[in-house]
Amino acid sequence: MPSTRPKLAVFKFASCDGCQLTLLDCEDELLALAGRIEIADFREASRRVVEGPFDLTLVEGSVTTPEDIPRLHEIRANSRVLVTIGACATAGGIQGLRNFADVAEYQRVVYAHPEYIRSLATSTPIQDHVPVDFELRGCPISRAQLLEVISAYLGGRSPNVPRESVCVECKRRGTVCVVVAHGTPCLGPVTQTGCGAICPSFHRGCYGCFGPQDTSNAPALSQKLVQLGMDSPSLARFYRTFNANAPAFRAASDAARPSPSPEGA
Amino acid sequence: MTRRGVTRNLDIVIAGASLERVPEFLTDERKSGRTPGMTEPAVGEKRILARADFPIFLGALRDLGYRVVGPTVRDGAIVYGPITRVEDLPIGWTERQDAGAYRLDRRSDGALFGYVVGPHSWKKYLFPAHERLWTASREGSRFAMAPEPVDGPSFAFLGVRACELASIAIQDRVFARAGDPGYAARRTRTLRIAVQCGQAGGTCFCASMGTGPAVGPSHDLALTEILTPQRHSFLVEVGSVAGARVLATVPLWPATAEDERAVERIVARTAASMGRRMDVSGIRDLLVNNPGHPRWELVGQRCLACTNCTMVCPTCFCQTTEEVPNLSGEKVERWRRWDSCFNSAFSELHGSPIRKSTSSRYRQWMTHKLATWHDQFDSSGCVGCGRCITWCPVGIDITEEVAAIRVAPATPRAAGDRT
Ligand code: SF4
Ligand code: SF4
Ligand code: SF4
Ligand code: SF4
């Protein structure tokens with residue numbers, strides 16, 4: 001007898017698998033989850049595959065090869081609700097650094113036979129190619145937020161995933177601000193919350209894993225970072241990590257160190 | 001202007017450097033020739049507590065069942081946490097504060113309270129950042145609600161500054177109006193041991209706000225630290241019966257007229273060393289009549305909409321509540337968390353925020369704090385503690401923003417302009 005539970009699928013594009021692993025990491029909740037949802041296609045967990053269409057599809061990874069595009073369209077056509085998970089899927093990921101470089105040149109330098117490589121010049125997020133119902137940010141995503149997204153889907157409500165700054169949670173947990181008290185650069189004020197403000201609680205500045213918060217004022221933060229002694233290359237690198245290609249961070253790093261023009265000025 | 005506070009603070013540190021570190025035994029009040037008493041003083045009376053007897057004082061609090069919390073050094077700042085021994089206090093520490101900058105610094109003496117306020121405020125105990133309000137569970141076709149119990153420890157807040165007493169009084173009014181049972185229960189159990197500041201911080205402006213540095217009448221005990229090369233002791237003023245009860249088992253000396261004069265001098269010195277000032281004359285109308293002032297746009301360009309100013313503010317009470325269901329859908333919990341008017345979701349109605357621009361959020365915050373708070377709660381919402389100035393990562397200074405609007409008030413614009 002076919003299952004009446006909604007069908008969940010997990011697919012990956014260019015990524016490290018860390019975000020899908022977050023689902024496997026939900027050990028305590030997996031049983032409760034399996035009771036309410038049928039895990040139909042999740043290759044990382046099981047070779048057993050149930051055909052689509054799927055009710056809820058989680059997509060990890062970014063688009064980096066020509067083959068990715070038709071495959072992604074097929075997944076979209078086969079999914080009622082499509083949620084992208086992680087910095088790769090929502091912003092292009094760390095591999096989005098290629099968007100600031102000459103990929104053909106890299107291929108010539110790195111590979112003995114670059115003619116065998118077929119890769120796009122850019123790493124782009126899923127929503128650049130197909131409509132996405134919800135984007136779950138993070139590198140990696142937060143386990144609690146993933147459960148919230150699934151639980152919201154099951155309950156027919158919208159997920160409670162705040163878009164505010166990391167500072168909100170940093171202050172709620174009583175961490176001493178590393179910018180103000182130590183002069184340590186931190187991306188928390190321009191980054192979306194979700195991690196629980198972990199890094200400042202270990203005396204490190206935020207690395208921006210969850211991408212820009214919804215009211216991200218990177219130009220104002222950059223001014224402060226320069227006052228703290230950051231030079232332009234460091235400032236550009238600061239914004240160019242897992243969410244380098246997210247528009248607000250991209251603009252901030254470009255402003256710090258404009259991409260070299262094709263003429264090589 | 002921006003460096004002024006720090007320079008003044010440094011002056012104090014340098015002045016302190018001329019005092020030699022005094023051996024503990026010399027500071028003992030027992031050398032004074034006066035004799036200690038062990039009788040419970042009456043409300044309003046003043047006594048002297050020797051620094052050497054401070055552990056006995058802490059012990060008396062513990063014996064009465066209080067959980068003592070107060071200033072302690074952690075992660076490069078003075079924060080509030082458990083105080084189990086006198087050594088947990090920031091002995092010999094001070095700090096330098098300026099807009100967007102805070103640094104711990106060593107004092108040349110062994111003062112217990114030789115600093116001002118840090119990033120934490122007492123609201124973290126009275127109005128916790130995360131609080132479960134109730135739990136509901138499904139029972140067949142019905143559900144059962146269980147409100148969160150309001151019992152918990154009785155805190156003794158050790159080292160409440162004048163501005164903080166004022167901020168607690170403000171939150172008392174806010175939460176009383178809201179009829180908040182958790183806040184009321186925690187607050188009733190709390191003992192407030194005030195400390196009069198011996199120096200002002202680089203961003204302090206309580207003198208402008210009329211909240212300090214002299215501690216007002218509403219406290220359980222108020223201490224003033226008297227520290228000279230000859231002497232290290234505290235003048236203790238009894239503010240309530242609960243405060244008097246603590247002192248029943250603590251050795252105390254009579255306070256002399258000279259002790260009281262010393263305290264007056266300390267408070268006067270602090271009042272004269274404010275790092276900031278704010279002209280609050282007619283401030284309600286000034287801000288309410290200037291929603292279109294160009295300054296809002298300028299501050300909006302600098303502001304990160306990060307919420308730090310509101311999170312550290314001891315009077316900010318904004319909160320969000322969320323229901324957190326479990327995966328099976330059998331149980332749901334309602335949680336309350338600190339929220340901020342700098343978040344876009346805070347003003348979200350019908351899926352979009354009313355206050356889209358950061359300048360409109362800053363205007364909302366400052367206008368509420370300094371102006372419309374008077375209409376709502378019969379006082380200013382600002383006590384002049386300076387936290388929002390120090391802990392703003394980009395150093396936006398509320399006193400500077402007020403001054404800029406005061407210098408050139410613009411023609412009032414239509415109040416309908418909201419973004
Ligand atoms: S440490 Fe970073 S995240 Fe935390 S409050 Fe400061 S700026 Fe914000
Ligand atoms: S507005 Fe600033 S100075 Fe005033 S009470 Fe709040 S944190 Fe303190
Ligand atoms: S604002 Fe006044 S009462 Fe508050 S810490 Fe500063 S000097 Fe003390
Ligand atoms: S005023 Fe400062 S602390 Fe407040 S939201 Fe703006 S940048 Fe953050």
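All values below come from the heavy atoms of this structure, side chains included, with hydrogens, waters and symmetry mates left out.
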Quick check: does any side chain N or O of [X] sit under 3.5 Å from a backbone N or O of [Y], one acting as donor and the other as acceptor?
{"X": "B:His120", "Y": "A:Val176", "value": "no"}
{"X": "A:Arg172", "Y": "B:Arg337", "value": "no"}
{"X": "A:Arg36", "Y": "B:Leu327", "value": "yes"}

Taking atom [atom1] of [X] as the centre, report whether more than 12 heavy atoms of other residues, nucleotides or ligands fall under 6.0 Å from it.
{"X": "B:Leu298", "atom1": "CG", "value": "yes"}
{"X": "A:Arg43", "atom1": "CZ", "value": "no"}
{"X": "B:Arg67", "atom1": "CZ", "value": "no"}

Portion of [X] that has a non-hydrogen atom of chain A nearer than 4.5 angstrom:
{"X": "B:Asn343", "value": "side chain"}
{"X": "B:Thr310", "value": "neither"}
{"X": "B:Gln301", "value": "backbone"}

Return the minimal non-hydrogen interatomic distance between [X] and [Y], and the atom names on each side.
{"X": "A:Asn217", "Y": "B:Cys303", "answer": "ND2-O, 2.8 Å"}
{"X": "B:Pro325", "Y": "A:Ser151", "answer": "CG-OG, 4.1 Å"}
{"X": "A:Pro189", "Y": "B:Pro393", "answer": "CG-CG, 4.3 Å"}
{"X": "B:Val394", "Y": "A:Ala220", "answer": "CG1-O, 3.9 Å"}

* Of all of B:Gly100, B:Pro119, B:Ala101, which one pairs up most often with chain A through heavy atoms under 4.5 Å apart? -> B:Gly100

* Asked: CG/B:Asp75 to OG/A:Ser201 distance, rounded to the nearest 0.5 angstrom?
  -> 8.5 Å

* Atom pair CD (B:Glu323) and CZ (A:Arg157), whose distance is rounded to the nearest 0.5 Å -> 9.5 Å

Region of [X] that comes under 4.5 Å of a non-hydrogen atom in chain B:
{"X": "A:Arg163", "value": "neither"}
{"X": "A:His203", "value": "side chain"}
{"X": "A:Gln213", "value": "side chain"}
{"X": "A:Thr175", "value": "backbone"}
{"X": "A:Lys171", "value": "both"}

* Are any of the side-chain heavy atoms of A:Thr215 and B:Arg361 separated by less than 4.5 Å? -> yes

* Would you say A:Glu169 and B:His130 make side-chain contact, with heavy atoms under 4.5 Å? -> yes

* Structure fact -> Of the listed A:Gly155, A:Ser165, A:Ala181, the one with the largest count of heavy-atom pairs under 4.5 Å with chain B is A:Ala181

